[in-house]
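These numbers come from the heavy atoms of this one structure, side chains and all, not from hydrogens, waters or symmetry mates.
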2 protein chains.
Amino acid sequence: MVENTYPPKEKTDRRIQRTRHLLREALISLIKEKNYEEITVQDITERANVNRSTFYLHFKDKDELLYKSMVEVYDALAETMLANKKEQTGGLNLDHLSDAADFQHVADHAEFYKVILSEKGVASFVVRVRKYLARVFTEHILEMGVGSAPRFPLEAVGHFLAGAEIGLISWWLENGKKQSPEEMARMMLDMCAFGTYWALGVPASPQEEAEKSEG
Amino acid sequence: MVENTYPPKEKTDRRIQRTRHLLREALISLIKEKNYEEITVQDITERANVNRSTFYLHFKDKDELLYKSMVEVYDALAETMLANKKEQTGGLNLDHLSDAADFQHVADHAEFYKVILSEKGVASFVVRVRKYLARVFTEHILEMGVGSAPRFPLEAVGHFLAGAEIGLISWWLENGKKQSPEEMARMMLDMCAFGTYWALGVPASPQEEAEKSEG
DNA sequence: TGTATAATCAACACAGTGTTGCATTGTTAG
DNA sequence: CTAACAATGCAACACTGTGTTGATTATACA
């Protein structure tokens with residue numbers, strides 16, 4: 001009897017699991033030491049203690065290895081945010097935009113994100129995540145029902161939020177994750193909702209308050 | 001007589017200028033077509049119509065070529081922001097944080113930034129710019145004199161702002177720079193000062209307003 | 001125009017790649 | 001437990017790109 005499941009299981013053999021895991025770990029471990037671009041397949045297989053030809057049985061090249069690792073994390077992120085969205089019950093508001101769930105997700109994959117968001121990291125992944133976040137934020141803003149007169153293009157706001165979140169996350173990871181995911185979510189939410197003047201405990205300058213009430 | 005100037009002029013010879021310019025342009029042009037990592041020195045010299053060995057008379061490898069191109073832009077950015085800072089006269093406020101000058105700088109180097117911030121771009125440059133912006137923002141916040149009780153670590157706010165600005169810039173460039181630098185600066189400033197609710201023309205939710213006034 | 005020096009060209013050893021055929025080992029199903 | 005077979009190890013291959021060299025040609029500048 002054929003199982004005919006999708007995605008195909010195919011990973012039953014422990015050797016496959018073991019090899020792929022070793023290669024993945026070796027790559028992550030190497031990215032900590034040198035730029036991704038400088039890493040060779042030889043380096044990876046050497047560290048993984050796997051024959052070089054075996055590498056090619058599993059991956060086309062090192063990019064595919066990285067890509068498949070990324071997709072795994074990326075899918076987990078998407079899943080996290082989707083699940084988070086579904087449990088929303090009416091009364092949508094910006095709270096959702098930075099529910100602790102996404103910071104929790106980052107914490108769960110801290111090592112991966114720390115490496116990949118660093119100077120030694122991979123541009124394509126960061127940009128992809130930023131675009132993904134921007135899309136999610138923008139869609140959510142739409143569902144929230146914006147007021148009669150949004151002052152700026154919604155997409156711009158989405159990208160602003162996405163960039164800001166990545167900025168916060170990078171700072172968080174580089175400084176040893178001293179805050180809890182909940183604290184980080186609160187930071188994100190508060191700064192988005194009330195602005196940075198408020199976050200700093202500084203009153204907005206007079207002319208700006210004037211502009212605000214006139215607008 | 002020895003000139004002994006610093007930095008050394010050395011670029012008097014037109015041949016040098018010409019060659020380096022050709023190589024730089026070739027690299028930028030190639031990044032538009034394929035990932036930076038896939039580009040070879042051969043590709044670059046071929047497109048620049050320069051002998052491969054000539055390349056090595058000027059640069060150690062393609063990383064150095066890119067790095068020197070980056071530094072040029074990066075220095076220009078730093079200079080822009082420093083000049084901008086100096087002409088501030090008392091009454092510091094967040095306005096400075098996104099004076100149109102930096103968006104103007106990006107506009108002046110639009111092609112470079114568009115490529116380098118894209119999926120095909122270079123992680124190290126983006127991270128470096130983000131960190132630089134975060135530092136500038138944080139320092140400025142300090143000089144501004146924060147209130148007695150900043151609610152979050154100042155560095156976190158700095159990284160939030162830096163990420164947000166990069167998010168906005170990326171969106172701007174990807175969408176064909178339809179806004180003027182001044183419009184972009186206004187977006188950045190307003191969203192930072194008043195928050196995204198305000199930017200969207202949506203009132204903050206009641207419990208948040210309560211939290212705000214209690215804080 | 002003369003001279004310094006930049007660019008070209010051909011050739012080199014060397015790194016890493018991607019693939020192959022065959023031997024060896026480990027896993028799983030029966 | 002054992003047989004079948006799938007995954008891995010191993011050695012060798014052609015190929016591409018690198019970084020350097022020495023001799024030669026082209027050109028900028030004074």
C:dG16 P sits how many Å from A:Ile44 CD1, rounded?
12 Å
Starting at the 5' end of nucleotides 17-30 of chain C, put B wherever the base has a protein heavy atom under 4.0 Å, S where only the sugar-phosphate does, and a dash everywhere else.
BBBB----BBSS--
Need the pair for D:dT16. Rule: Watson-Crick or G-U wobble, both distances under 3.5 Å, any strand; none if unpaired.
none
Distance, rounded to the nearest Å, where B:Leu57 contributes CG and D:dT24 contributes C1'
14 Å
How would you label the glycosidic angle of C:dA6: syn (within 90° of 0) or anti?
anti
Rounding to a whole Å, what distance do you find between A:Phe55:CZ and D:dG9:P?
14 Å
Residue matched to D:dG9 through Watson-Crick or wobble contacts both under 3.5 angstrom:
C:dC22
Can a salt bridge be assigned to the pair A:Glu111 and A:Lys32 using a cut-off of 4.0 Å between side-chain N and carboxylate O?
yes
Interatomic distance, B:His58 NE2 vs D:dG19 P [rounded to whole Å]:
16 Å
Among D:dG9, D:dA7, C:dA7, the one nearest any side-chain atom of B:Thr54 is C:dA7
Distance-only, no hydrogens or angles: does the B:Trp172 side chain make a donor-acceptor pair with backbone N or O of B:Gln179 under 3.5 Å?
yes
B:Glu46 has an atom CD; how far is it from atom C1' of C:dT8, in whole Å?
16 Å
A cation-pi test, strictly: NZ or CZ of B:Lys60 under 6.0 Å from the centre of the six-membered ring of B:Phe55 and no more than 45 degrees from its axis. Yes or no?
no
Got more than 12 heavy atoms from elsewhere within 6.0 Å of NE2, A:His21?
no
So, B:Arg186 and B:Glu182, do they make that salt bridge, N to O below 4.0 Å?
no
Euclidean distance, atom CD1 of residue A:Ile16 to atom P of D:dA7 [Å, nearest integer]:
4 Å
Quick one: are A:Asn51 and A:Thr45 in side-chain contact, heavy atoms under 4.5 Å?
no
Proximity of A:Phe125 and A:Tyr36 rings by center, below 6.0 Å:
no
Over how many whole Å does the gap from B:Asn51 atom CG to D:dG19 atom C1' extend?
13 Å
Report the distance from atom CG of B:Leu22 to atom C1' of C:dT8, rounded to the nearest whole Å.
15 Å
